[in-house]
Amino acid sequence: MVSYTILHKAYVKIFLHAAKHPHKQVNGVLLGKLASDVVIIQDVVPLLHHWTSLSPMMEIGLDLARGHAESLDLSLVGYYQACERIDDTALAPVGERVAEQIRSQFSDAIAFVIDGDTLGSGEAALVVSWILSVMLSPSFITLEPYLPQSGLTTWRPQAYQPPAFTPGARVTLANPETPSRAVSLVRDSHMHQKFGDFDDHLEDVTIDWLRNNACNIVDL
């Protein structure tokens with residue numbers, strides 16, 4: 001049975017993308033490889049925050065992201081999104097279609113939805129069931145893992161046992177300190193302001209959306 005490990009750089013980039021556009025739908029793709037039944041999610045490429053439908057811009061962004069992954073000897077292994085409404089944690093139809101595109105070339109693809117329903121609650125960060133909750137000054141962002149249903153093209157939330165992001169789970173973080181580090185990068189360093197996606201690049205071609213080296217994110 002395949003499991004999934006998210007490296008520090010990949011998680012932080014998802015976090016920065018959501019933090020930069022907290023009231024917009026954002027999406028991107030996961031880069032990684034399969035090694036000994038573990039999908040290691042090493043990096044992400046942020047795609048869009050304006051044109052989030054399956055548009056020509058989305059298709060161009062996906063092609064460029066795929067080429068970038070191949071240049072690193074990696075594959076597109078999944079998809080992530082945040083919805084415009086903070087109480088919406090459903091994988092959008094465009095997300096299912098993009099995830100299916102990725103799964104057609106990588107059979108163990110996974111999708112994540114960022115859940116902002118607890119934004120501004122002021123509660124302490126905690127793991128609830130199979131959702132990862134992390135504090136964002138003082139709000140929360142949660143990641144919900146989605147996988148395709150057997151024999152179907154629909155994707156549904158996965159209620160893992162043990163719950164995702166807990167010891168022994170099929171979906172884990174490579175470093176348990178990553179969520180708190182991500183919070184610090186936003187709250188103390190305002191790193192999300194330096195982060196750019198493909199939409200940003202279309203407005204300013206100097207923005208390095210494929211690598212985001214300006215953020216200087218290194219794996220712990």
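Predicted, not measured: the structure shown is a model, and the values here were computed from it.
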Quiz item: Does Tyr4 reach the side chain of Ile6, with side-chain heavy atoms less than 4.5 Å apart?
Solution: no
Exercise. Report the residues that fulfil side chain to side chain contact (heavy atoms under 4.5 Å, CB included) with His201, sequence neighbours left out, ordered by chain and then residue number.
Key: Phe198, Val205, Trp209
Quiz item: Got a sec, which residues hit side chain to side chain donor-acceptor pair (under 3.5 Å) with Asp197, two or more places apart in sequence or on another chain?
Solution: His17, His49
Quiz item: Under the 3.5 angstrom rule, does the side chain of Thr172 hit a backbone N or O of Ala169 as a donor-acceptor pair?
Solution: no
Self-check item: side chain to side chain contact (heavy atoms under 4.5 Å, CB included) involving Ser3 - partner list, sequence neighbours excluded
Solution: Val38, Arg170
Quiz item: Does any N or O in the side chain of Asp199 come within less than 3.5 Å of the main-chain N or O of Leu48, such that one atom is a donor and the other an acceptor?
Solution: no
Quiz prompt | Contact check, side chains of Ile41 and Phe112, non-hydrogen atoms, under 4.5 Å | solution = yes
Quiz item: Is there a path of hydrophobic side-chain contacts, each under 4.5 Å between heavy atoms of I, L, V, M, F, W or Y residues, that connects Leu7 with Leu34?
Solution: no
Exercise. Using side chain to side chain donor-acceptor pair (under 3.5 Å) as the criterion, list what pairs up with Asp37, not counting sequence neighbours.
Key: none
Exercise. Report yes if some heavy atom in the side chain of Val39 is under 4.5 Å from a heavy atom in the side chain of Ile110; otherwise report no.
Key: no
Quiz item: Any sub-3.5 Å donor-acceptor pair from Ser184's side-chain atoms to Arg181's backbone N or O?
Solution: no
Self-check item: Heavy-atom check, side chain of Lys33 versus side chain of Asp73, under 4.5 Å
Solution: yes
Quiz item: Would Arg103 and Glu100 satisfy salt bridge (charged side-chain N to carboxylate O under 4.0 Å, His left out), going step by step from the backbone distance to the final call?
Solution: CA-CA 5 Å; Arg103 189 164 73 110; Glu100 272 301 302; 2.9 Å; yes
Quiz item: With sequence neighbours left out, what residues match Asn213 under side chain to side chain contact (heavy atoms under 4.5 Å, CB included)?
Solution: Asp208, Arg211
Exercise. Using a cut-off of 6.0 Å, state whether more than 12 heavy atoms not belonging to Asp63 lie near its atom CG.
Key: yes
Practice problem: Using the test side chain to side chain donor-acceptor pair (under 3.5 Å), find all partners of Gln105 that sit at least two apart in sequence or belong to another chain. | Solution: Arg66
Self-check item: Which residues share a side chain to side chain donor-acceptor pair (under 3.5 Å) with Thr206, sequence neighbours left out
Solution: Asp204
